[in-house]
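Heavy-atom basis, side chains included; hydrogens, waters and symmetry copies ignored. Just so we're clear, the structure is a prediction, and the values are computed from it rather than from any experiment.
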Amino acid sequence: MAAISVPVLWGGDLPQTLDFYRTLGYRVTYEMTRPYTYGMVERDGYQLHFGPTPKGMNGKGEEAHTGCVVFVDEVEPWHAEFKAALRARYGKIPSKGVPRITRFRPGQTRFSVVDPVGNTIIYVQHDEPDPEYGGSKELEGLARVLDNARIFRDSKTDDATAARAIETGLRRHGATATPLERARALAMLAEIAAAAGDSGRVTDLLAQIDELGLTESDRAAIAEDLDAVADVQE
């Protein structure tokens with residue numbers, strides 16, 4: 001006998017919550033306000049359900065870590081669609097507070113959307129590899145440090161830990177790393193600083209990249225990294 005499990009998230013202000021999911025391309029399939037609130041949305045063959053928010057939680061789902069995982073074939077088109085829809089609705093990409101969408105870089109295999117209640121929906125690519133904490137064993141030196149930092153920044157949305165790992169890696173391996181590896185490290189730090197709104201640090205880090213004497217091929221190799229910094233600053 002086939003079975004299916006559907007998460008029931010917090011509804012908060014249910015009409016507002018359902019309208020948010022309409023913005024993301026979901027279809028509202030059920031909405032009830034009495035004798036209690038309950039709503040359902042659907043898209044691409046899966047559903048999300050929303051029940052009453054527990055008393056005393058102030059409608060903030062993050063306090064109880066409520067949410068679910070949605071597995072998709074490719075996450076990049078989903079992120080691009082959601083980002084465009086949210087920009088159209090709010091006039092900018094909401095990246096802090098609630099609601100918000102996490103950043104996305106080429107090659108990333110997951111991202112999160114936090115709705116107005118605080119529910120977190122994590123969109124994960126089906127073929128996402130298991131993370132190698134500490135960095136891939138096929139890499140060494142600063143390259144391995146950056147691979148480890150990528151996991152914290154992209155999958156765990158833990159910018160602080162990622163930045164500490166990169167800064168430590170630069171101190172330990174900067175002297176033996178290639179200019180391209182150092183440039184990638186500085187660009188990752190710049191992107192994290194941009195997300196934190198620290199424009200002064202972004203300027204300083206980009207200046208350090210300019211001082212590395214990169215070749216044209218090196219510049220081409222980090223173009224996407226620098227584009228990511230600019231994208232966050234929009």
Side-chain angles (χ1 to χ4, degrees), residues 72 74-88 90-97 99-114 120 122-125 128-129 131-132 135-136 139 142-170 174 177-234:
V72 300
E74 293 183 68
V75 293
E76 188 168 1
W78 285 71
H79 189 274
E81 177 187 340
F82 290 171
K83 185 173 74 169
L86 292 170
R87 189 200 301 272
Y90 297 104
K92 63 178 182 178
I93 302 169
S95 59
K96 297 179 181 179
R100 69 177 182 274
I101 185 170
T102 57
R103 308 192 307 279
F104 191 87
R105 295 170 55 83
Q108 205 167 309
T109 54
R110 65 171 61 197
F111 70 91
S112 299
V113 172
V114 181
T120 300
I122 307 171
Y123 296 85
V124 180
Q125 198 157 295
E128 180 183 68
E132 291 188 64
S136 171
L139 301 173
L142 187 56
R144 185 169 179 177
V145 169
L146 297 181
D147 188 58
N148 182 47
R150 172 191 57 79
I151 295 171
F152 286 102
R153 184 195 60 190
D154 298 345
S155 297
K156 302 300 180 182
T157 62
D158 187 348
D159 284 350
T161 298
R164 286 195 298 271
I166 296 167
E167 289 163 354
T168 299
L170 281 168
T178 66
L180 178 57
E181 288 173 342
R182 294 200 300 275
R184 283 191 166 133
L186 294 169
M188 287 178 70
L189 288 174
E191 196 251 2
I192 291 171
D198 190 345
S199 58
R201 179 156 170 74
V202 172
T203 299
D204 177 62
L205 290 163
L206 294 180
Q208 290 183 51
I209 293 175
D210 288 337
E211 294 169 0
L212 291 174
L214 298 176
T215 64
E216 288 300 317
S217 61
D218 286 343
R219 284 281 177 187
I222 66 164
E224 286 187 342
D225 300 88
L226 297 177
D227 287 344
V229 178
D231 186 54
V232 175
Q233 290 180 304
E234 286 185 359

- With a 4.5 Å limit on heavy-atom distance, are the side chains of Thr168 and Val145 in contact? no
- Query: Short question: side chain of Gln108, backbone of Arg110 - any donor-acceptor pair under 3.5 Å?
  - Reply: yes
- Is it true that a side-chain atom of Arg184 and a backbone atom of Glu181 form a donor plus acceptor pair closer than 3.5 Å? no
- Message: Check this for me: does any side-chain nitrogen of one of Glu167 and Arg201 sit under 4.0 Å from a carboxylate oxygen of the other?
- Response: yes
- Message: With a 6.0 Å cut-off (strictly less than), is the heavy-atom count around CD of Glu132, excluding the residue itself, greater than 12?
- Response: yes
- Message: So that I can tick it off, tell me whether Arg103 and Asp231 are bridged by a salt bridge, with the cut-off set at under 4.0 angstrom between side-chain N and carboxylate O.
- Response: no
- Query: How far apart are the closest heavy atoms of Ala162 and Ala149, and which atoms are they?
  - Reply: CB-O, 3.5 Å
- Message: Restricting to non-hydrogen atoms, name the atom on Pro99 and the atom on Pro94 that form the minimum distance, rounded to 0.1 Å.
- Response: O-CB, 3.3 Å
- Item | Flag side-chain contact, heavy atom, 4.5 Å: Met188 against Arg153 | yes
- Sidechain N-carboxylate O distance under 4.0 Å for Arg150, Asp147: yes
- Can you tell me how far CZ of Arg219 sits from CG of Leu214, rounded to the nearest 0.5 angstrom? 5.0 Å
- Item | Short side-chain to backbone donor-acceptor contact, His79 and Thr102, under 3.5 Å | yes
- Message: Run the side chain to side chain contact (heavy atoms under 4.5 Å, CB included) test on Val229 and Val202 for me, step by step, so that the C-alpha distance in whole Å, both residues' side-chain angles and the decisive distance to 0.1 Å come before the verdict.
- Response: CA-CA 8 Å; Val229 178; Val202 172; 3.9 Å; yes
- Task: Please report the C-alpha distance between Val113 and Arg100 in whole Å, then the side-chain angles of each, then the deciding distance to 0.1 Å, and finally whether the side chain to side chain contact (heavy atoms under 4.5 Å, CB included) criterion is met.
- Result: CA-CA 6 Å; Val113 172; Arg100 69 177 182 274; over 6 Å; no
- So how far is it from Leu186 CG to Asp204 CG, rounded to the nearest 0.5 Å? 9.0 Å
- CD1 of Ile93 to CG of Leu86: how many Å apart, nearest 0.5 Å? 8.5 Å
- Which heavy-atom pair separates Leu180 from Ile222 by the least distance, and what is that distance? CD1-CG2, 3.2 Å
- Message: Just verifying a value: how many Å separate Arg87 CZ and Phe82 CZ, rounded to the nearest 0.5 Å?
- Response: 15.5 Å
- Item | Smallest separation among heavy atoms of Ala228 and Arg105, with atom names | CB-NH1, 3.1 Å
- Query: How far apart are the C-alpha atoms of Leu142 and Leu170, what are their side-chain angles, what is the distance that settles it, and do they pass the side chain to side chain contact (heavy atoms under 4.5 Å, CB included) test?
  - Reply: CA-CA 7 Å; Leu142 187 56; Leu170 281 168; 3.9 Å; yes
- Heavy-atom closest pair (Ser112 atom, Thr120 atom, distance to 0.1 Å) is CB-CG2, 3.9 Å
- Item | Heavy atoms of other groups near Glu128 CD, more than 12 under 6.0 Å | yes
- Non-hydrogen side-chain atoms of Thr161 and Lys156 separated by less than 4.5 Å: no
- Approximate separation, where rounding is to 0.5 Å, of Ile192 CD1 and Asp159 CG: 5.0 Å
- Task: Please round to the nearest 0.5 Å and tell me the distance separating atom CD1 of Ile151 and atom OG of Ser136.
- Result: 9.0 Å
- Is the closest side-chain donor-acceptor distance between Gln125 and Thr109 under 3.5 Å? no
- Query: Between Leu226 and Leu206, does a side chain to side chain contact (heavy atoms under 4.5 Å, CB included) hold up when you go through it step by step?
  - Reply: CA-CA 9 Å; Leu226 297 177; Leu206 294 180; 3.9 Å; yes
- Message: Please check: side-chain N/O of Arg182 versus main-chain N/O of Leu212, any donor-acceptor pairing under 3.5 Å?
- Response: no
- Message: Students often mix this up, so state it plainly: with edges at 30° and 60°, are the rings of Phe111 and Tyr123 parallel, tilted or perpendicular?
- Response: parallel
